[in-house]
Amino acid sequence: MKSYDFKSVEKKWRQRWEETGVFHARNDYTLPKFYCLVEFPYPSGQGLHVGHPRSYTALDIVARKKRLQGFNVLYPMGWDAFGLPTENYAIKNHMHPGQVTVQNVARFKKQLQSLGFSFDWSREINTTDPEYYKWTQWIFLRLYEKGLAYKKEMAVNWCTSCKCVLANEEVVNGVCERCGSDVVRKVKSQWMLKITEYARRLIDDLDDLNYIERVKIQQKNWIGRSEGAEVEFRTTEGDSFTVFTTRPDTLFGATYSVLSPENPLIDKWEAKIKNIGEVAAYRDECARKSDFERTELNKDKTGVRIDGVEAINPVNGEKIPIFIADYVLISYGTGAIMAVPGHDTRDWDFARKFSLPIIEVVSGGDVDREAHTDCETGLMVNSGFLTGLSVADAKTEIIKWLSDNGKGAAKVSYKLRDWVFSRQRYWGEPIPIICCGKCGHVPLDESSLPLRLPEVESYEPTDSGESPLAKLTDWVNVKCPRCGGDAKRETDTMPQWAGSSWYFLRYCDPHNDKEIASGEALDYWTPVDWYNGGMEHTTLHLLYSRFWHKFLYDIGVVPTPEPYAKRTSHGMILGENGEKMSKSRGNVVNPDDIVNEYGADTMRLYEMFIGDFEKAAPWSSTSVKGCKRFVDRVWALQEIIIKGEYRAELEGDMHRLIKKVTEDIDNLKANTAIAAMMSMLNRIYETGAVTRGELKTFLLLLNPFAPHLTEEMWEICRFGGEVTGQKWPVFDSEKCVDETVEIAAQINGKVRARIVVGADISADEAISQAKSDKKIKDAIEGKTIVKELYVKGRLVNIVVK
RNA sequence: GCCGAUGUGGCGAAAUCGGCAGACGCAAGGGACUUAAAAUCCCUCGCUGGAAACAGCGUACCGGUUCAAAUCCGGUCAUCGGCACCA
């Protein structure tokens with residue numbers, strides 16, 4: 001026997017698979033289908049990261065097993081290629097970002113192919129391909145048509161030196177990552193998508209989805225539903241502002257109110273504000289901080305009292321001071337709050353600092369010492385007509401009173417904010433809108449899509465903070481499609497998230513030039529049966545794509561209200577030192593090196609064996625060798641083949657192994673499936689031989705994990721055809737059970753002996769058999785037996801005194 | 001700070017529903033084969049004491065519930081992911 005030459009074997013089978021197209025999903029819509037999806041990568045300049053194959057291998061195993069189980073499997077791959085890093089690389093190296101993308105994609109594809117994934121490459125997509133982004137633009141036009149895309153003044157990060165808009169990531173400690181200059185908040189008109197319109201459905205529909213629990217929880221908290229009331233406060237200026245509160249019951253305890261520094265009422269009151277200088281300075285200071293810095297709880301509370309205007313508490317007519325403070329955000333709620341220091345921790349801290357009155361309105365705490373936030377117990381006090389009620393009843397009563405008197409109403413509020421959809425960058429989908437002085441925003445006609453990204457000289461943003469597209473006057477200046485007058489194209493582009501919000505639909509029918517995908521293809525393939533991706537995408541990509549899908553469902557484009565039936569998430573692969581892999585830390589492992597030295601099968605096995613799929617795991621170059629040894633030991637089985645089916649001594653083990661591997665794959669526990677196969681291999685070597693029947697089953701079970709090795713051995717052993725044409729093995733549950741089991745015999749919960757009993761033994765028999773064991777007999781000698789327990793197939797516990 | 005998660009030998013980890021902690025693998029030590037090395041094969045391998053039998057301790061830390069806790073409850077500490085223009 002020659003030693004296993006993984007290089008030539010892997011090459012041979014990859015060529016064979018490519019020639020026969022055995023992994024192409026079939027367009028026969030009568031077959032049972034399985035749509036298996038992994039997040040498509042961003043083709044970065046660094047090449048494939050060892051983290052990518054973790055997720056891809058796990059679902060490749062699922063896809064390969066499902067095919068053997070008779071499903072028509074769609075397991076596609078593509079490129080999410082628009083985005084900032086490519087653009088920045090292009091600027092730095094004076095290349096076209098499209099060219100950079102072509103290079104990166106070629107490298108990624110070669111790397112992925114070297115790992116033997118069973119992707120259907122005939123359905124490959126690329127978000128930067130005009131034939132693809134035509135449909136991204138088409139969806140945007142539908143959103144615009146339905147009033148879900150609108151323009152709004154928003155604060156952006158502005159580098160005072162580069163004179164351009166920065167992504168949050170490009171702002172490090174308040175300064176520009178590139179030049180180190182100060183970054184300020186600057187207001188710009190931005191395209192927004194009304195995801196908030198879908199907030200309720202995005203939360204409620206989670207209940208019926210098979211998502212891992214932490215994903216559901218994180219999405220729920222991100223959307224942040226809270227029930228309460230809106231209350232209108234009139235001011236001494238005769239105007240008013242509205243606050244949102246989850247505790248309308250405490251309205252009698254509101255002793256001041258706070259507006260966000262950006263609140264436009266301040267400008268309106270300018271002439272009346274005596275300390276306008278101080279107020280303006282504070283507003284300026286806040287403009288430099290991010291929301292994140294502003295809302296940090298343990299920071300010192302800051303704020304400025306507005307001297308000259310007061311608010312009126314609607315429930316008792318009392319005048320209360322108005323502050324501006326940075327912990328109130330314009331982007332959440334109404335940009336104004338009522339402050340109840342007795343019953344809210346932040347308000348309490350603030351009131352203490354500014355010596356404001358603290359009134360107790362719910363009994364049971366000590367509001368002089370700390371805020372009393374418990375609303376389960378305690379009754380209303382100092383609260384007029386609410387006094388004596390429970391908090392829950394007081395909420396109902398006050399909301400009724402507010403609506404009856406036209407001073408407020410019940411309100412459900414969400415933390416979720418609308419999606420900022422504009423980028424002042426080049427490398428993204430152009431927004432298909434024309435701005436006309438007379439007609440306003442005019443959408444392009446569908447027939448003129450795709451609106452192609454034009455060639456520009458330089459990809460640097462302009463000094464005014466506009467996209468580089470703004471420099472192309474020939475492209476920008478157009479006639480208005482509605483009135484024929486002079487008009488300009490929108491020069492902002494879409495964010496990277498746009499293309500990835502619907503890509504799974506395109507895989508169903510990727511070459512369709514009439515529609516996103518045909519109705520039949522969507523009816524058959526959607527929803528995605530299993531979608532795996534990183535935890536870091538939970539609140540953005542995953543939520544955005546659910547939003548777009550629901551919208552497409554509402555306008556009749558897709559047949560299901562949800563895109564993904566099941567969602568799982570993988571942990572990161574860390575460097576050998578346990579830290580995140582990065583160039584700067586110098587702990588990057590290149591998948592190419594592993595494939596070259598050990599082969600794709602070993603790489604796949606190692607990444608699956610590394611530990612719990614959902615948890616982060618550090619890379620270990622020595623542990624890879626263990627998987628290589630396993631591969632070689634499997635290869636060596638061909639030396640000891642004998643004729644026959646399952647031998648009696650291994651029959652139970654074989655059935656248990658089929659059960660274990662089958663179930664573990666479905667539960668994403670490839671690590672324990674591999675451990676079980678290693679144990680079986682050890683067991684086979686103990687017997688000194690393997691029968692053809694046993695080897696067949698073993699190779700079938702191992703095939704999804706190590707496809708090249710198993711195909712080669714299948715061929716060498718002349719088992720007939722190829723593994724890809726076989727049926728997944730089935731187990732007989734009766735044969736999985738042993739007749740006898742070894743159980744523990746405990747005294748007071750401590751193991752004192754192990755005994756072998758029949759699997760079906762009764763409790764009495766098990767206990768008496770335990771008592772007849774010498775050690776147990778000695779241990780209970782002269783003691784009183786308090787209790788005796790038998791846990792079937794596990795243990796006997798005798799409690800003595 | 002807020003939201004979500006994690007913490008088990010020298011290392012990666014395993015352990016249906018609360019039921020024998022450490023499966024499987026790596027590293028290490030010892031042995032076989034070899035002129036030698038590599039590869040391969042066999043043995044040992046949580047900690048402490050003991051020649052051994054065995055005993056005690058042990059799943060981040062403190063406390064609780066239970067016949068029984070890695071698992072459930074309360075608290076503490078540490079680490080990681082996300083925080084809306086990175087993808």
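Below, each value reflects all heavy atoms present in this structure, side chains not excepted, and no hydrogens, waters or symmetry copies. Every chain is numbered from 1, with letters handed out A, B, ... down the list of sequences.
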**Study point:** OP1 or OP2 of B/A39 under 4.0 Å from side-chain N/O of A/K625
**Key:** no

Check the interface with nucleotides 66-74 of chain B: list each N/O to N/O pair with the protein under 3.5 Å, or write none.
unit_1, atom_1, unit_2, atom_2, d
B/C67, O2, A/N797, ND2, 2.6

Check your understanding: Rounding to the closest angstrom, what is the interatomic distance between B/A53 and B/U59 at atom C1'?
Key -> 28 Å

**Study point:** P-based separation of B/C42 from B/A27 [nearest Å]
**Key:** 15 Å

Check your understanding: Can you name the side chain to side chain donor-acceptor pair (under 3.5 Å) partners of A/D778, sequence neighbours left out?
Key -> A/K774

Point to revise | Phosphate-side-chain proximity, A/R683 and B/A23, N/O vs OP1/OP2 below 4.0 Å | key: no

Check your understanding: Does A/F705 have any ring pair (Phe, Tyr, Trp, His ring centres under 6.0 Å) partners at least two apart in sequence or in another chain, and if so, which?
Key -> none

Practice item. Take A/F421 and A/W497, measure what ring pair (Phe, Tyr, Trp, His ring centres under 6.0 Å) needs, and give me the verdict at the end. Key: CA-CA 9 Å; A/F421 201 68; A/W497 311 106; over 10 Å; no

Practice item. Could you measure between the two C1' atoms, the one in B/U16 and the one in B/G30, and give it in whole Å? Key: 39 Å

Check your understanding: Do A/W427 and A/Y459 pass the ring pair (Phe, Tyr, Trp, His ring centres under 6.0 Å) test, and can you show the C-alpha distance, the side-chain angles, and the key distance before you say yes or no?
Key -> CA-CA 8 Å; A/W427 196 229; A/Y459 311 99; 8.3 Å; no

Review point. Under 4.0 angstrom, heavy atoms only, what part of the nucleic acid is A/L84 near: base, sugar-phosphate, or nothing?
Key: sugar-phosphate

Check your understanding: Can we call the ring centroids of A/F82 and A/Y133 under 6.0 Å apart?
Key -> yes

Review point. What is the distance from CG of A/N157 to P of B/A84, rounded to the nearest Å?
Key: 10 Å

Practice item. Indicate, with a heavy-atom threshold strictly under 4.0 Å, whether A/E742 touches base, sugar-phosphate, or nothing. Key: base

What donor-acceptor contacts under 3.5 angstrom involve side-chain atoms of residues 789-801 of chain A, with partners at least two apart or in another chain?
unit_1, atom_1, unit_2, atom_2, d
A/Y790, OH, A/G793, N, 3.2
A/K792, NZ, A/A759, O, 3.4
A/N797, OD1, A/N748, N, 3.4
A/N797, OD1, A/G749, N, 3.0

Practice item. Using a 90° cut-off around 0 for syn, call B/G9 syn or anti. Key: syn

Check your understanding: Who pairs with A/D664 by salt bridge (charged side-chain N to carboxylate O under 4.0 Å, His left out), at least two apart in sequence or on another chain?
Key -> A/K660

Point to revise | Nearest-Å distance for atom pair CZ/C1', residues A/R417 and B/C2 | key: 13 Å

Exercise for review: Would you please enumerate the stems RNA chain B participates in, each stem being three or more consecutive Watson-Crick or G-U wobble pairs with both distances under 3.5 Å?
Suggested key: B:1-7 with B:77-83, B:10-12 with B:24-26, B:28-32 with B:40-44, B:46-49 with B:54-57, B:60-64 with B:72-76

Revision key, fill the gap. Looking only at B/C86, B/G81, B/G19, the nucleotide nearest the A/K580 side chain is B/G81

Practice item. Ignoring the backbone of A/V420, work out which of B/A27, B/C85, B/G82 is nearest its side chain. Key: B/C85

Check your understanding: Taking the chi torsion of B/C11, is it syn (within 90° of 0) or anti (everything else)?
Key -> anti

Review point. Closest nucleotide of RNA chain B for A/K750 versus for A/R425: which of these residues is on the 5' side?
Key: A/K750

Check your understanding: NA contact type, A/V786, heavy-atom cut-off 4.0 Å: base, sugar-phosphate, or nothing?
Key -> nothing

Revision key, fill the gap. Which of B/G19, B/A87, B/C85 is nearest the side chain of A/V791? It is B/G19

**Study point:** Closest to the A/K775 side chain, choosing from B/C85, B/A87, B/C54
**Key:** B/C54

Practice item. Determine: side-chain N/O of A/R752 to OP1/OP2 of B/A55, distance under 4.0 Å, yes or no. Key: yes

Practice item. Just jot down the side chain to side chain donor-acceptor pair (under 3.5 Å) partners of A/N577, sequence neighbours excluded, or say none. Key: A/N587

Revision key, fill the gap. Per-nucleotide protein contact along nucleotides 3-15 of chain B, 5' to 3', at a 4.0 Å heavy-atom cut-off (B base, S sugar-phosphate only, - neither), is SS-SS----BSS-

Revision key, fill the gap. Rounded to whole Å, the NE2-P distance (A/H570 to B/G81) equals 13 Å

Exercise for review: State plainly whether the residues A/D349 and A/K353 are in salt-bridge range, i.e. N to O under 4.0 Å.
Suggested key: no

Check your understanding: Mind checking the P distance from B/C26 to B/A39? Whole angstroms is fine.
Key -> 12 Å

Practice item. Compute both the distance and the angle, then confirm whether A/K194 meets the cation-pi test with A/Y150: under 6.0 Å from the six-membered ring centre, within 45 degrees of the axis. Key: yes

Point to revise | Gap between atoms CD and P, on A/Q46 and B/C86 respectively (whole Å) | key: 17 Å

Practice item. Tell me, please, which residues at least two apart from A/T136 pass side chain to side chain donor-acceptor pair (under 3.5 Å). Key: A/W502

Check your understanding: For the pair made of CG in A/L657 and C1' in B/C24, what is the distance, rounded to whole Å?
Key -> 13 Å

Review point. Are OP1 or OP2 of B/G25 and a side-chain N or O of A/R629 less than 4.0 angstrom apart?
Key: no

Check your understanding: When all nucleic acid strands are considered with a 4.0 Å heavy-atom cut-off, which category describes A/N682: base, sugar-phosphate, or nothing?
Key -> sugar-phosphate

Practice item. Enumerate the residues from residues 189-197 of chain A whose closest heavy atom to RNA chain B is under 4.0 Å, giving them by residue number; use none for an empty result. Key: A/Q190

Practice item. For A/E607 and B/C26, give me the distance from atom CD to atom P, rounded to whole Å. Key: 18 Å

Exercise for review: Step through the shown structure and confirm whether more than 12 heavy atoms of other residues, nucleotides or ligands are within 6.0 Å of OH on A/Y89.
Suggested key: no

Practice item. Provide the distance between the two P atoms, one in B/C61 and one in B/C11, to the nearest whole Å. Key: 14 Å

**Study point:** Main-chain N/O of A/M535 paired to A/S569 side chain as donor or acceptor, under 3.5 Å
**Key:** yes

Exercise for review: May I have the distance from A/K152 (atom NZ) to B/A84 (atom P), rounded to whole angstrom?
Suggested key: 15 Å

Exercise for review: Would you mind reading off the distance between A/M572 atom CE and B/C86 atom P, rounded to a whole angstrom?
Suggested key: 17 Å

Exercise for review: For nucleotides B/C83 and B/G12, find the distance between their C1' atoms and express it as a whole number of Å.
Suggested key: 31 Å

Review point. Going by the salt bridge (charged side-chain N to carboxylate O under 4.0 Å, His left out) test, which pairs reach into residues 38-57 of chain A, not counting sequence neighbours?
Key: A/E39-A/R567

Check your understanding: Distance between the P atoms of B/C72 and B/A15, in whole angstroms?
Key -> 15 Å

**Study point:** Aromatic ring proximity, centroids under 6.0 angstrom, A/W79 and A/F40
**Key:** no

Review point. Can we call the ring centroids of A/Y327 and A/F350 under 6.0 Å apart?
Key: yes

Exercise for review: Compare side-chain N and O positions of A/K792 against OP1 and OP2 of B/U16 and report whether any pair is under 4.0 Å apart.
Suggested key: no

Review point. Expressed as a whole number of Å, how far does the P atom of B/G1 sit from that of B/A70?
Key: 31 Å

Check your understanding: Among all residues two or more places apart in sequence or in another chain, which pass the side chain to side chain donor-acceptor pair (under 3.5 Å) test with A/T196?
Key -> A/D418

